[in-house]
Amino acid sequence: MDGHARRRLWTAVGLVALLAVGGCSADGGSGGAQDSAAVAPQQGAPAGGAKAEQGADAGGARSGAGGGSPDLRVDQRSIIYTGTMRVRVDDVDAAARSAVTAVTGIGGFVGGDERASGGTANARAELQLRVPAERFTAVLEELARLGRQEQRAIRTEDVTEETVDLDARIATQRARVESGRKLLARATSIGDLVTLESEVARREADLASLEAKKRRLADLTALSTITLTLVGPEADVRDPEPDTGFLVGLRGGWTAFVASLGVLLTVLGALLPFAVAIGVPVAVLVTVLSRRRRRAPAPVVSAPPPVPAARSAP
């Protein structure tokens with residue numbers, strides 16, 4: 001074997017040895033790392049778990065205290081409930097008294113009461129009842145048991161986003177009012193004082209308007225509205241059908257003609273005093289002028305001088 005071949009052999013042996021040593025050290029290091037990794041979670045699990053729980057609690061607190069978005073749960077939303085109901089009863093007045101008693105007994109009140117008495121059988125009553133929103137469904141069921149329910153309609157309006165928007169706008173406007181008052185307290189000239197007073201008054205008016213809207217929404221969401229119609233046993237609740245036909249058109253045309261004639265006569269009556277006040281003097285003036293023209297002598301027209309006859313040529 002020559003020298004060149006021996007050098008190749010020793011080089012190969014050296015590479016094999018290096019690879020073998022590197023593999024052993026890698027196996028030992030990875031095993032140590034795995035052992036350390038296996039021991040570390042066991043030793044640090046309580047601390048890590050506590051930090052994770054604290055982080056979760058802090059995140060929940062931030063999400064709860066942030067207030068940037070409304071709570072999407074149904075019981076936390078701002079909803080306006082409105083209901084209408086028609087019930088046929090034997091005694092309208094007695095049923096109306098029972099309905100008022102049921103509503104006032106749970107903290108509600110009567111917002112409107114309109115009744116038409118055409119006898120016990122044809123009597124009719126329309127009550128506008130304001131009841132707490134959480135008792136809306138229960139009150140409807142109780143009112144339906146007053147007699148025979150013939151009609152019921154329930155409408156809802158979700159105003160959660162509008163309420164949250166109003167809260168944010170009110171907070172911002174209050175901050176603007178406070179900053180305006182601070183500037184007003186530091187005013188040094190009459191011009192600045194007048195300008196800042198006007199600005200603060202405008203901001204306070206805007207704040208009062210926003211707060212009024214908020215109170216209105218709060219009232220509508222806290223107290224639901226139920227329109228209850230009570231009718232007697234023989235009361236007619238059918239909607240009147242529209243009249244059509246030749247006679248209906250003739251009657252409508254005659255009514256329009258009479259109305260137009262009345263308007264025309266009204267206009268003529270309004271113009272008559274002006275016509276008398278202006279027309280009589282004008283008529284008198286025209287009469288006087290015409291008489292003067294008739295009495296004045298006619299102007300004498302002089303005849304033109306005669307034209308000499310043309311002489312004929314010799």
Side-chain angles (χ1 to χ4, degrees), residues 59-87 95-115 125-146 149 151-182 184 197-230:
R62 287 193 300 269
S63 62
S69 58
D71 193 347
L72 298 179
R73 293 179 300 175
V74 175
D75 57 346
Q76 296 294 331
R77 302 191 70 86
S78 299
I79 301 176
I80 300 174
Y81 294 94
T82 306
T84 58
M85 175 182 291
R86 185 173 71 236
V87 181
R97 287 193 296 269
S98 300
V100 172
T101 302
V103 170
T104 56
I106 60 173
F109 64 93
V110 179
D113 188 343
E114 183 178 353
R115 306 189 188 190
E126 184 172 325
L127 305 177
Q128 188 177 19
L129 309 174
R130 302 296 304 279
V131 299
E134 62 273 9
R135 302 295 302 275
F136 178 75
T137 304
V139 172
L140 282 178
E141 296 299 331
E142 186 174 355
L143 295 177
R145 291 192 292 268
L146 293 174
Q149 177 180 285
Q151 183 182 8
R152 178 191 292 194
I154 299 175
R155 293 177 297 275
T156 61
E157 181 181 1
D158 192 345
V159 293
T160 305
E161 295 182 1
E162 187 175 355
T163 303
V164 173
D165 179 67
L166 275 177
D167 290 337
R169 292 172 63 187
I170 288 173
T172 303
Q173 194 64 24
R174 284 177 180 170
R176 295 186 63 197
V177 170
E178 291 299 326
S179 63
R181 289 174 179 173
K182 291 179 181 178
L184 181 61
E197 283 181 347
S198 176
E199 180 64 21
V200 170
R202 185 181 63 83
R203 293 182 180 184
E204 289 177 346
D206 293 341
L207 177 60
S209 177
L210 292 175
E211 290 176 343
K213 292 181 181 179
K214 178 65 183 298
R215 288 192 298 269
R216 175 61 177 169
L217 279 180
D219 175 71
L220 292 176
T221 54
L223 293 174
S224 302
T225 303
I226 299 176
T227 302
L228 174 64
T229 302
L230 300 172

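Only this structure's heavy atoms are used, side chains among them; waters, hydrogens and symmetry mates stay out. When a residue number appears, it is its place in the shown sequence, counting from 1.
Scanning both residues, A99 and L143, for their nearest heavy atoms gives CB-CD2, 3.7 Å. Considering every non-hydrogen atom in both D158 and R77, the closest pair reads OD2-NE, 2.7 Å. Looking at every heavy atom in both residues, T82 comes nearest to F136 through C-CZ, 4.0 Å. The two residues A133 and S224 have their closest heavy-atom pair at CA-OG, 3.4 Å. Smallest separation of non-hydrogen atoms from L146 and S98: CD2-CB, 3.8 Å.
The closest donor-acceptor contact from the side chain of S209 to the backbone of A205 lies at 3.5 Å or more, if one exists at all.
Between E142 and R145 there is no salt bridge, since no side-chain N of the basic residue sits under 4.0 Å from a carboxylate O of the acidic one. Between R203 and E199 there is a salt bridge, since a side-chain N of the basic residue sits under 4.0 Å from a carboxylate O of the acidic one.
With values rounded to the nearest 0.5 angstrom, R152 atom CZ is found 13.5 Å from R86 atom CZ. In this structure, CG in L217 is found 5.0 Å from OG1 in T163, a value given to the nearest 0.5 Å. The CZ atom of R176 lies 5.5 Å from the CZ atom of R202; values are rounded to the nearest 0.5 Å. Taking OG1 of T225 as the start and CZ of R155 as the end, the distance is 10.0 Å to the nearest 0.5 Å. Distance check: M85 CE to L127 CG gives 12.5 Å after rounding to the nearest 0.5 Å. Atoms CZ and CG, on R215 and L210 in that order, are 10.5 Å from each other to the nearest 0.5 Å.
Residues L223 and F109 meet the side-chain proximity criterion, which asks for heavy atoms closer than 4.5 Å. In this structure the side chain of L129 reaches within 4.5 angstrom of the side chain of V110, judged on heavy atoms. V159 places none of its side-chain heavy atoms less than 4.5 Å from the side chain of L220.
Within 6.0 Å of the CZ atom in R216, the count of heavy atoms belonging to other residues, nucleotides or ligands does not exceed 12. Annotation: R135, atom CZ; neighbour count of heavy atoms from other residues, nucleotides and ligands within 6.0 Å does not exceed 12.
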Give the intermediate values and the outcome of salt bridge (Lys or Arg N to Asp or Glu O under 4.0 Å) for residues D219 and R130.
CA-CA 10 Å; D219 175 71; R130 302 296 304 279; 3.3 Å; yes

Would you check, one step at a time, whether the test salt bridge (Lys or Arg N to Asp or Glu O under 4.0 Å) holds for E178 with R181?
CA-CA 5 Å; E178 291 299 326; R181 289 174 179 173; 3.5 Å; yes

